[in-house]
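Have a look at the structure below before the remarks.
Naming convention: chains lettered A, B, ... in sequence-line order (proteins, then strands); numbering from 1 in each chain.
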Amino acid sequence: MVSERLIPPTGYLHIGGGRTALFNWLYARGRGGKFLLRIEDTDRERSTPEATAAILRGLTWLGLVWDGEVVSQFERRDRHAEVAREMLARGTAYKCFSTKEEIEAYRAAREAEGASYAVFQSPWRDADPATHPDAPFAIRMKAPRTGETIIEDQVQGRVVIKNETLDDMIVLRSDGTPVYMLAVVVDDHDMGVTHVIRGDDHLNNAARQQMVYDAMGWTVPVWAHIPLIHGPDGKKLSKRHGATGVEEYQAMGYPAAGMRNYLTRLGWAHGDAEIFTSAEAMQMFDLSGIGRAPARLDFKKLENTCGHHIAMADDAALLHELLAFLAAAGRESLTDVQQERMKRALPFLKKSVKTFPELMEKSAFLLASRPIVPEPKAAEALDTVSRGILKTLTPRLQNASWTKEALEPILNQTAEDYGIGFGKLAAPLRAAIAGRTVTPSVYDMMLTIGREETVARLSDAVA
RNA sequence: GGCCCGUUCGUCUAUCGGUUAGGACACCAGGUUUUCAACCUGGGAAGAGGGGUUCGACUCCCCUACGGGCUGCCA
């Protein structure tokens with residue numbers, strides 16, 4: 001079983017969080033495990049229903065379906081407090097009456113003494129309960145002060161932390177609310193999480209969390225701390241790099257399968273495998289293939305990967321995803337006629353396109369409706385001579401069977417009649433059919449829009 | 001400041017002591033072609049620096065430099 005924790009502070013699924021979810025998903029699904037989802041919403045100011053909804057939308061778009069109900073960490077706060085009290089009863093935690101001021105004074109004093117760092121050592125750690133004042137208290141874990149805590153990490157290796165560098169972490173605040181570090185451990189234990197795959201910003205925290213497992217006598221999960229994703233400049237990914245939210249990528253027109261493939265390869269490798277389906281990824285994915293250095297986002301490679309996936313996609317599924325993209329991007333949807341044409345065009349269009357916006361761009365000829373207004377450059381291709389050629393061609397198309405095999409001889413013959421190369425004929429045809437100079441193949445366009453529409457557009461152009 | 005993690009072509013990476021250091025993206029050149037793409041062929045491009053260990057280091061150890069993380073009654 002595998003866990004995944006996601007924090008919804010800014011109301012969207014960060015691309016790094018998306019990749020972490022993806023790794024968890026691949027690992028769990030590839031081994032018959034469960035992919036569980038928990039929203040770490042104990043920070044009430046940053047957690048809203050909208051923020052949570054955005055995260056679920058992002059995951060859903062990526063195709064990462066989770067098992068069971070989404071667990072709210074905040075709603076489990078009573079259970080967290082219960083565990084804190086149990087630690088108290090077991091003697092692995094104690095009541096600490098030190099105030100914030102006292103703690104600060106302690107640290108300041110140690111610093112004045114020239115200490116390079118100061119772990120707070122509470123005077124209440126071994127105090128006789130009889131001396132406890134009637135005052136608010138926090139519950140602190142009684143952490144070992146000597147020895148080492150060893151994290152056997154599947155990605156980072158064996159990480160040794162000296163216990164003397166860790167203070168007695170507070171597990172329950174003086175207002176009775178649990179602290180995140182306790183909540184994670186309790187939730188993971190209660191949910192039966194066996195593998196914790198998360199960002200390496202939690203690597204140091206793992207030592208303190210492991211102490212909680214030990215204090216409660218619980219089985220420590222398998223740890224795997226993966227490096228974070230950085231921006232193209234190597235710096236931590238932030239807003240100034242542009243897209244950081246998963247949903248932005250949908251709006252930019254990247255197909256989900258391509259995103260998954262790219263994100264899987266970002267920081268993970270399996271020999272020379274580059275382009276693969278999620279099913280294949282599940283077979284190959286392993287914690288040992290994860291790199292230890294942070295990886296940079298490379299939009300060119302993302303595009304290339306997406307191009308492969310669009311080309312591999314099933315036409316019906318692709319059309320469906322295209323419509324979803326249009327909705328996500330706030331663009332106008334396709335009419336029935338446009339959808340019909342799109343279905344005919346997809347088999348050839350998908351081969352040369354990397355994103356949905358590019359697909360739409362190349363679909364301009366099929367999206368357009370009569371009369372086609374040529375762009376200036378296209379209009380130049382419709383000079384008097386060219387229009388004469390089209391005038392000759394048009395009637396020849398009237399009764400032709402609408403297949404490439406049937407059309408080819410007709411166009412070739414027309415070009416020959418005028419003593420011109422095929423290119424000279426294709427230019428005005430492009431202008432008349434699409435109103436542009438850059439289009440898909442003239443045959444593909446004609447077959448897509450059909451005979452009636454083709455003849456009509458040609459007639460319009462020479463009228 | 002302290003502690004922890006990291007560093008192979010521009011980018012993502014392979015290599016798990018012995019290789020002409022491989023692949024992919026990107027880039028450059030050529031080819032194909034009805035335009036743009038796509039596609040095909042070829043090319044340039046890397047072990048942060050310095051010490052060790054070893055017959056032999058990209059691989060193991062140490063130091064330095066540079067990145068990143070943690071160090072909270074935040075998550």
- Item | Any strand: nucleotide that pairs with B:rC66 via Watson-Crick or wobble, under 3.5 Å | B:rG6
- Query: Contact class for A:Pro440 vs. all strands (heavy atom < 4.0 Å): base, sugar-phosphate, or nothing?
  - Reply: base
- Message: Looking at B:rG47, which nucleotide sits across from it as a Watson-Crick or G-U wobble partner, both distances under 3.5 angstrom, or is there none?
- Response: none
- Query: Below 3.5 Å, does any donor atom in the side chain of A:Asp272 face an acceptor in the base of B:rG22, or the other way round?
  - Reply: yes
- Would you mind telling me which of B:rA37, B:rG6, B:rA75 lies closest to the side-chain atoms of A:Thr42? B:rA75
- Item | Watson-Crick or G-U wobble mate for B:rU15, both contacts under 3.5 Å | none
- Query: If pairing requires Watson-Crick or G-U wobble contacts with both distances under 3.5 Å, which nucleotide is the partner of B:rG72?
  - Reply: none
- Query: Are more than 12 heavy atoms from other residues, nucleotides or ligands located less than 6.0 Å from atom NZ of A:Lys424?
  - Reply: no
- Does the B:rC5 base have a donor-acceptor partner in the side chain of A:Arg292 within less than 3.5 Å? no
- Task: Sticking with atom P, work out how far B:rC62 lies from B:rC25, rounded to a whole angstrom.
- Result: 38 Å
- So what does A:Val353 hit on the nucleic acid, given a heavy-atom distance under 4.0 Å: a base, only sugar-phosphate, or nothing? nothing
- For A:Arg173, does the CZ atom have more than 12 heavy-atom neighbours from other residues, nucleotides or ligands under 6.0 Å away? yes
- Of B:rC12, B:rG68, B:rU71, the nucleotide closest to the side chain of A:His230 is B:rG68
- B:rC12 to B:rA26 separation - P atoms, rounded to the nearest Å: 15 Å
- Under a 3.5 Å limit on both distances, the Watson-Crick or wobble mate of B:rA29 is B:rU41
- Out of B:rA75, B:rC73, B:rG23, whichever nucleotide has its closest atom nearest the side chain of A:Ser174: B:rC73
- B:rC27 and B:rG18, which share atom name C1', separated by this distance in whole Å: 33 Å
- Query: Is it true that A:Phe285 and A:Trp268 have ring centroids separated by less than 6.0 Å?
  - Reply: yes
- Please work out if A:Gly267 contacts a base, only the sugar-phosphate, or nothing of the nucleic acid, heavy-atom cut-off 4.0 Å. sugar-phosphate
- Query: For the side chain of A:Ile170, counting heavy atoms from C-beta on, which of B:rU35, B:rC73, B:rA38 is nearest?
  - Reply: B:rC73
- Message: Categorize A:Val442 for me: base, sugar-phosphate, or nothing, with a 4.0 angstrom heavy-atom threshold over every strand shown.
- Response: base
- Find the partner of B:rC36: check Watson-Crick (N1-N3 plus N6-O4 or O6-N4) and G-U wobble (N1-O2, O6-N3) distances, both under 3.5 Å, and reply none if neither fits. none
- Item | Residue pair A:Leu397 / A:Arg451: nearest heavy atoms and the distance that separates them | O-CD, 3.3 Å
- Message: What's the gap between B:rG47 and B:rC60 when it is taken at their C1' atoms, as a whole Å value?
- Response: 15 Å
- Message: Nearest whole Å is fine: how far is B:rG68 P from A:Asp200 CG?
- Response: 13 Å
- Query: Looking only at atom P, what distance separates B:rG43 and B:rU64, rounded to whole Å?
  - Reply: 43 Å
- Message: Of the listed nucleotides (B:rC3, B:rA24, B:rC73), which one gets closest to any side-chain atom of A:Glu274?
- Response: B:rA24
- Among B:rA24, B:rC3, B:rU34, find the nucleotide with the atom closest to the side chain of A:Lys301. B:rA24
- Which nucleotide in the list B:rG23, B:rA14, B:rC73 gets nearest to the side chain of A:Ala269? B:rA14
- Item | NZ/NE/NH1/NH2 to OD/OE distance under 4.0 Å, A:Glu82 and A:Arg85 | no
- Would you mind pulling out the nucleotide paired to B:rU53, Watson-Crick or G-U wobble, both distances under 3.5 Å? none
- Tell me what A:Leu266 touches on the nucleic acid: a base, only sugar-phosphate, or nothing, going by heavy atoms under 4.0 Å. sugar-phosphate
- A:Tyr213 ring center near A:His189 ring center (under 6.0 Å): no
- Message: Using a heavy-atom cut-off of 4.0 Å across all strands, would you classify A:Lys350 as base, sugar-phosphate, or nothing?
- Response: nothing
- Message: Over all strands shown, is A:Arg430 touching base, sugar-phosphate only, or nothing at heavy-atom distances under 4.0 angstrom?
- Response: base
- Item | B:rC74 and B:rC70, which share atom name C1', separated by this distance in whole Å | 13 Å
- Query: Is there a donor on the side chain of A:Lys351 or the base of B:rA38 sitting less than 3.5 Å from an acceptor on the other?
  - Reply: no
- Task: Tell me what A:Lys300 touches on the nucleic acid: a base, only sugar-phosphate, or nothing, going by heavy atoms under 4.0 Å.
- Result: sugar-phosphate
- Message: Give me the atom names and distance for the closest heavy-atom approach of A:Leu349 to A:Pro440.
- Response: CD2-CG, 4.0 Å
- Task: Please tell me if the side chains of A:His225 and A:Val155 come closer than 4.5 Å, counting only heavy atoms from C-beta onward.
- Result: no
- Give one of base, sugar-phosphate or nothing for A:Tyr262, where a contact means two heavy atoms less than 4.0 Å apart. nothing
- Task: Round to a whole Å and report the spacing from CZ of A:Arg296 to C1' of B:rC25.
- Result: 15 Å
- Query: What's the closest nucleotide to the A:Lys362 side chain, out of B:rA37, B:rC12, B:rC4?
  - Reply: B:rA37
- If you measure from the C1' atom in B:rU15 to the same atom in B:rU59, how many Å do you get, rounded? 8 Å
- Message: From the set B:rG6, B:rG22, B:rC12, return the single nucleotide nearest to any side-chain atom of A:Pro294.
- Response: B:rG6
- Item | Side chain of A:Ala295 - closest among B:rG6, B:rC12, B:rU34 | B:rC12
- Message: Just to be sure I understand the rule, does A:Thr149 reach a base, reach only the sugar-phosphate, or reach nothing, if contact means heavy atoms closer than 4.0 Å?
- Response: nothing
- Query: Distance only, no hydrogens: is a donor on one side chain within 3.5 Å (strictly under) of an acceptor on the other, for A:Asp417 and A:Gln413?
  - Reply: yes
- How far, in whole Å, is B:rU13 from B:rU71 if one measures between their P atoms? 26 Å
- Message: Could you tell me how far apart A:Arg208 (CZ) and B:rC73 (C1') are, to the nearest whole angstrom?
- Response: 12 Å
- Task: Pick base, sugar-phosphate or nothing for A:Asp175, based on heavy-atom distances below 4.0 Å to the nucleic acid.
- Result: nothing
